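The next block holds one structure in the form of structure tokens; read it before the comments.
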Amino acid sequence: MRLLRRVLLLLLALAGVARAPAAGGVTVAAAANLVYVLAPLRAEFERTHPGVRVVVETGSSGNLVAMISNGAPYDVFLSADLEFPRQLVQSGGGVDGTLVTFAYGRLVLWTTRKDLEWKSVAEAVRDPRVARIAIANPRTAPFGRATEETLAQLGLGEVARPKLVFAQDIGQAAQYVSSGNADAGFVALSLVAAPKLKHTGRWLAVPERLYVPIAEGAVLTRFGAGNAMARDFLQFLVTPAARTIFQEYGYGLPAPSRAKRR
């Protein structure tokens with residue numbers, strides 16, 4: 001199984017080579033919760049950097065850091081937490097001193113079923129009409145970990161366990177809900193607040209006291225260490241323009257003094 005996993009990661013890395021932009025471009029590996037906000041971020045960065053193309057791939061933070069560690073050619077890694085980029089730096093796959101906290105993710109419970117409406121997350125989880133609840137894999141996706149923390153804090157771990165449907169990442173969890181393969185799902189606010197899903201279904205904000213704050217961090221990879229545009233993109237993530245975009249998509253913002261290299 002380990003050999004198969006390494007082969008798959010290598011194939012993904014080679015696929016990334018084929019998609020890498022020409023000289024002067026930036027390749028970005030980003031957590032799945034960022035899939036919609038990345039479009040306006042890319043547009044703003046490319047507007048202020050004429051001729052520069054930003055190519056993005058999304059997935060779970062844990063899987064992306066494994067791919068980068070195995071040689072995938074990404075210049076910048078955007079994670080849904082700070083732990084995975086720290087691990088990348090410690091392993092030598094990330095550049096020490098470049099880690100920045102750019103936003104705070106927010107967890108919501110979302111459904112597209114018109115017959116379901118709740119006043120609380122606990123009520124939703126206990127609802128007998130809810131047979132399948134989608135969550136991201138807690139081992140590789142910080143939003144999945146936050147979901148587990150939420151259920152534990154509410155004392156609903158045992159009640160929820162037989163209902164849980166595990167997705168590879170938070171984007172796939174949202175797909176399970178939108179396709180009807182799950183009655184509800186714990187997803188990122190940034191997904192359901194995006195124009196594509198904004199008027200689809202209804203969602204409940206998960207009280208932030210129920211889970212460890214989802215601080216999202218970005219780091220320059222060893223592959224991107226010599227790419228000046230990659231360094232510019234990393235620093236762009238904490239500029240006023242980028243912060244405004246993150247806020248529009250439902251993210252919390254770090255205090256300006258913390259939106260610096262760590």
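Predicted model only: the values in this text are computed from it and were never measured. In what follows, every heavy atom counts, from backbone to side chain, and hydrogens, waters and symmetry copies are set aside.
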Evaluate the side chain to side chain contact (heavy atoms under 4.5 Å, CB included) criterion for residues Leu88 and Val219: first the C-alpha distance (whole Å), next the side-chain angles of each, then the deciding distance (0.1 Å), finally the verdict.
CA-CA 9 Å; Leu88 191 64; Val219 70; 4.1 Å; yes
Using the side chain to side chain contact (heavy atoms under 4.5 Å, CB included) rule, take Ile245 and Val37 through it: C-alpha gap first, then chi angles, then the decisive distance, then the call. CA-CA 7 Å; Ile245 295 171; Val37 73; 3.7 Å; yes
Next item on the list: Evaluate the side chain to side chain contact (heavy atoms under 4.5 Å, CB included) criterion for residues Val28 and Val55: first the C-alpha distance (whole Å), next the side-chain angles of each, then the deciding distance (0.1 Å), finally the verdict.
Entry: CA-CA 6 Å; Val28 177; Val55 174; over 6 Å; no
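Ser79 and Ala31 get closest at one heavy-atom pair: C-CB, 4.0 Å. Of all heavy-atom pairs between Leu237 and Ala218, the closest is CD1-CB, 3.7 Å. Scanning both residues, Ile214 and Ala146, for their nearest heavy atoms gives CD1-CB, 3.8 Å. Heavy-atom minimum distance, Ala215 versus Tyr104: CB-CE2, 3.5 Å. The heavy-atom pair separating Ala225 from Val95 by the smallest distance is CB-CG2, 3.9 Å. Nearest approach of Gly217 to Leu82, heavy atoms of both residues: CA-CD2, 3.6 Å.
Between Tyr36 atom OH and Leu197 atom CG the span is 4.5 Å, to the nearest 0.5 Å. Interatomic distance, Phe143 CZ to Ile135 CD1, rounded to the nearest 0.5 Å: 13.0 Å. Atom OG1 of residue Thr150 and atom CG of residue Leu109 lie 10.0 Å apart, to the nearest 0.5 angstrom. One distance of note links CG of Leu191 with CZ of Arg106; it measures 14.0 Å at 0.5 Å rounding. Taken from CD1 in Ile68 to CG in Asn70, the straight-line distance is 10.5 Å, to the nearest 0.5 Å. Between the CZ atom in Phe84 and the OG atom in Ser60 there is a gap of 7.0 Å [rounded to 0.5 Å].
With hydrogens and angles disregarded, a donor-acceptor distance shorter than 3.5 Å links the side chain of Thr27 to the backbone of Pro73. Of the possible donor and acceptor atoms, one in the side chain of Asn227 sits under 3.5 Å from a partner among the backbone N and O of Gly25. Formation of a donor-acceptor pair under 3.5 Å by the Arg113 side chain with backbone atoms of Asp183 is not found in this model. The backbone N or O of Ala80 lies less than 3.5 Å from a partner atom in the side chain of Ser61, making a donor-acceptor pair. No side-chain donor-acceptor contact under 3.5 Å links Trp203 to the backbone of Val187. Under the 3.5 Å distance criterion, the side-chain polar atoms of Arg243 are matched with a main-chain donor or acceptor of Pro254. Under a 3.5 Å cut-off, the side chain of Glu149 and the backbone N or O of Val212 do form a donor-acceptor pair. Side chain of Glu44 to backbone of Ala242: no donor-acceptor contact under 3.5 angstrom is found. A distance-only check finds no donor-acceptor pair linking the side chain of Thr239 to the backbone of Gln235 [under 3.5 Å]. Of the possible donor and acceptor atoms, one in the side chain of Thr221 sits under 3.5 Å from a partner among the backbone N and O of Asp75.
Val165 and Val108 fall into different hydrophobic clusters, where Ile, Leu, Val, Met, Phe, Trp and Tyr are joined by side-chain heavy atoms under 4.5 Å apart, directly or via other members. Taking hydrophobic clusters as Ile, Leu, Val, Met, Phe, Trp and Tyr residues chained together by side-chain heavy-atom distances below 4.5 Å, Leu154 shares a cluster with Ile133. Linking ILVMFWY residues whenever their side-chain heavy atoms come closer than 4.5 Å, directly or via other members, leaves Tyr176 and Leu189 in distinct clusters. The hydrophobic clustering, which links ILVMFWY residues whose side-chain heavy atoms are closer than 4.5 Å, places Leu78 and Val52 together.
Side-chain contact between Val89 and Leu99 is absent, with no heavy-atom pair separated by less than 4.5 Å. Considering only heavy atoms from C-beta on, His49 stays 4.5 Å or farther from Val26 through its side chain.
Between Arg145 and Glu148, none of the side-chain N atoms (NZ, or NE/NH1/NH2) sits under 4.0 Å from a carboxylate O, so this pair counts as no salt bridge.
A 6.0 Å sphere centred on CZ of Arg202 holds more than 12 heavy atoms belonging to other residues, nucleotides or ligands.
Tyr211 is linked by a side-chain hydrogen bond (donor to acceptor under 3.5 Å, both in side chains) to nothing, counting only residues two or more places apart in sequence or in another chain.
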For residues 119-127, dump all side-chain donor-acceptor pairs below 3.5 Å to protein atoms at least two apart in sequence or in another chain.
from: Ser120; atom 1: OG; to: Glu123; atom 2: N; distance (Å): 3.1
from: Glu123; atom 1: OE1; to: Lys119; atom 2: N; distance (Å): 2.9
from: Asp127; atom 1: OD1; to: Arg129; atom 2: N; distance (Å): 2.9
from: Asp127; atom 1: OD1; to: Arg129; atom 2: NE; distance (Å): 3.1
from: Asp127; atom 1: OD2; to: Trp118; atom 2: NE1; distance (Å): 2.9
from: Asp127; atom 1: OD2; to: Arg129; atom 2: NE; distance (Å): 3.2
from: Asp127; atom 1: OD2; to: Arg129; atom 2: NH2; distance (Å): 2.8

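The ring-ring contact (aromatic ring centres under 6.0 Å, His included) pairs that include a residue from residues 230-255 are Phe45-Phe233, Phe45-Phe236, Phe102-Phe246, Phe246-Tyr251, where partners are two or more places apart or lie in different chains.
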